[in-house]
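Report on the following structure.
Reckoned from all heavy atoms, side chains included, excluding hydrogens, waters and symmetry mates. Sequence lines set the chain letters: A, B, ... in the order given, protein chains first and strands last, and positions in each chain run from 1.
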Amino acid sequence: MDPATILVSGITVFMLAVFVGFEIITKIPPTLHTPLMSGSNAISGITIVGALISAGTQQTPLTTILGTLAVMFATLNVVGGFLVTHRMLEMFKKKD
Amino acid sequence: MDPNLANLFYLLAAILFIMGLKGLTHPRTAVRGNQLGALGMLVAIVTVLLATTGVNFVWIIVGVILGGLVGVILAVKIEMTAMPQMVALFNGFGGGASFIVAGAALHETVHETVQTGGVIHNQLSISIAVSGLIGAVTLLGSLVAFGKMQ
């Protein structure tokens, strides 16, 4: 595919995602601010996909080292993020 | 895996993320929302592992085990009152990962271009620059936030 076409379709997805994100998080009760922040942080760990590709494809030794480090950080972000969010929500449940 | 099939699974992951975030905005659906987000992440990770050809799993497994272990320990051991700075720290690690991925992509692209004598497309240079910038801001900003809250 033509590089310009790829760039435009990337920008299209990006802009649509901006609006979807904005529409979803409006009108949220204040008690859920922290869990939502934590949950969306965990989802931002999707960068793990790029990290996995870098670590696995072994283009050069440097990309493998960087990739492995990135996989480690991203997994920490994903696992920790979802677990912490779950703990927060459990706490809310006990209060009710 | 067929690239088109992989893209459909990525779409499924994105839909799960959106539904997960939507769930997190209501008290009654919040737990389910978080689980949907985690499921989306699982779908995305399994898809990328099946879709990328010639993957060496050794380093991936090393990274996942180390990161997962530290993540679980931190998330379970942390005091409830220390949650906000923990979230900041996790966020910082995610930003750090983005920053490193951008660095690896840059190195890979330059390496390839030098070998083949081709040109680097705008798509790549823009996404690498933006990803590196956002990753670095996230990492340093989150560390400062962690330090202020601790």
Side-chain angles (χ1 to χ4, degrees), chain A residues 3 6-7 10 20-21 24-25 27-29 31-32 34-60 62-64 66-89 91-93, chain B residues 13 17-18 20-22 24-27 30-31 33-34 37-38 40-41 44-45 48-49 52 54-57 59-60 62-64 66-68 70-72 74-76 78 80 83-84 86-87 90-91 93-94 96-98 100-101 103-105 107-108 111-112 121-123 126-127 131 135:
Chain A
I6 302 173
L7 182 60
V20 169
I24 281 180
I25 62 148
K27 292 177 195 160
I28 159 171
T31 46
L32 283 177
T34 317
L36 180 70
M37 180 183 70
S38 175
S40 45
N41 163 51
I43 290 175
S44 80
I46 190 65
T47 188
I48 193 173
V49 166
L52 288 170
I53 294 175
S54 288
T57 48
Q58 299 193 298
Q59 297 262 358
T60 68
L62 182 60
T63 54
T64 309
L66 289 177
T68 307
L69 201 62
V71 166
M72 214 182 100
F73 282 179
T75 312
L76 212 166
N77 185 200
V78 168
V79 173
F82 283 119
L83 270 180
V84 156
T85 312
H86 193 76
R87 272 190 72 189
M88 284 181 200
L89 295 171
M91 198 176 64
F92 283 121
K93 231 193 247 168
Chain B
F17 289 152
I18 293 172
L21 280 176
K22 186 76 198 162
L24 276 170
T25 59
H26 281 279
V31 173
N34 191 43
M41 194 60 76
I45 291 171
V48 72
L49 290 180
T52 324
V55 177
N56 183 313
F57 284 97
W59 292 109
I60 289 178
V62 169
V64 166
L66 284 178
V70 177
V72 168
L74 285 179
V76 173
I78 194 76
M80 267 309 175
M83 277 297 180
M86 207 61 235
V87 173
F90 284 144
N91 194 44
F93 278 119
S98 288
I100 298 171
V101 168
H107 173 72
E108 204 171 288
H111 183 77
E112 251 177 33
H121 294 308
N122 284 343
Q123 158 96 13
I126 292 174
S127 55
S131 163

Q) If you look at every heavy atom in B:M41 and A:I46, which pair is closest and at what distance? A) CE-N, 3.6 Å
Q) If you look at every heavy atom in B:F93 and A:F73, which pair is closest and at what distance? A) O-CB, 3.5 Å
(Q) Counting heavy-atom pairs under 4.5 Å with chain B, which one of A:G45, A:P35, A:G10, A:A55 comes out on top? (A) A:G45
Q: Please look at B:T52 and chain A and tell me whether the side chain, the backbone, both or neither of the residue comes under 4.5 angstrom of a heavy atom of that chain.
A: side chain
Q) Which heavy-atom pair separates B:A104 from A:T63 by the least distance, and what is that distance? A) O-CG2, 3.6 Å
(Q) Can you tell me how far apart NE2 (B:H111) and OG1 (A:T60) are? Round to the nearest 0.5 Å. (A) 6.0 Å
Q. Does B:H121 reach the side chain of A:I6, with side-chain heavy atoms less than 4.5 Å apart?
A. no
Q. Between atom CG of B:L24 and atom CG of A:L89, what is the distance when rounded to the nearest 0.5 Å?
A. 6.5 Å
Q: Might you point out which heavy atoms bring A:T47 and B:A97 nearest each other, and give the distance in Å?
A: CG2-CB, 4.0 Å
(Q) How long is the straight-line distance from CD1 of A:I24 back to CD1 of B:I18, given to the nearest 0.5 Å? (A) 5.5 Å
Q: Specify the closest pair of heavy atoms between B:T25 and A:P29, including all atoms of both residues, with the distance to one decimal.
A: O-CD, 3.3 Å
Q.
Counting heavy-atom pairs under 4.5 Å with chain A, which one of B:M83, B:K22, B:H26 comes out on top?
A. B:M83
Q. Atom CD1 of A:I43 and atom CG of B:N34: how far apart are they, to the nearest 0.5 Å?
A. 8.0 Å
**Q.** Interchain contact, B:V48 with chain A, by part (heavy-atom threshold 4.5 Å)
**A.** side chain
Q: Please round to the nearest 0.5 Å and tell me the distance separating atom OG of A:S44 and atom CZ of B:F17.
A: 10.0 Å
Q. What residue in B:G71, B:S131, B:G96, B:S127 has the most heavy-atom pairs under 4.5 Å with chain A?
A. B:G71
(Q) Does any backbone or side-chain atom of B:L74 lie under 4.5 Å from a heavy atom of chain A? Answer side chain, backbone, both or neither. (A) side chain
(Q) So for B:F57, is it side chain, backbone, both, or neither that comes closer than 4.5 Å to the heavy atoms of chain A? (A) neither
Donor-acceptor contacts under 3.5 Å from residues 74-87 of chain A side chains, at least two apart:
from, atom 1, to, atom 2, distance (Å)
A:T75, OG1, A:V71, O, 2.5
A:N77, ND2, A:N41, OD1, 3.2
A:N77, ND2, B:F90, O, 3.0
A:T85, OG1, A:S38, OG, 2.8
A:T85, OG1, A:G39, N, 3.4
A:T85, OG1, A:G81, O, 2.6
A:R87, NH1, B:A75, O, 2.7
A:R87, NH1, B:V76, O, 3.0
A:R87, NH1, B:I78, O, 3.0
A:R87, NH2, B:I78, O, 3.2

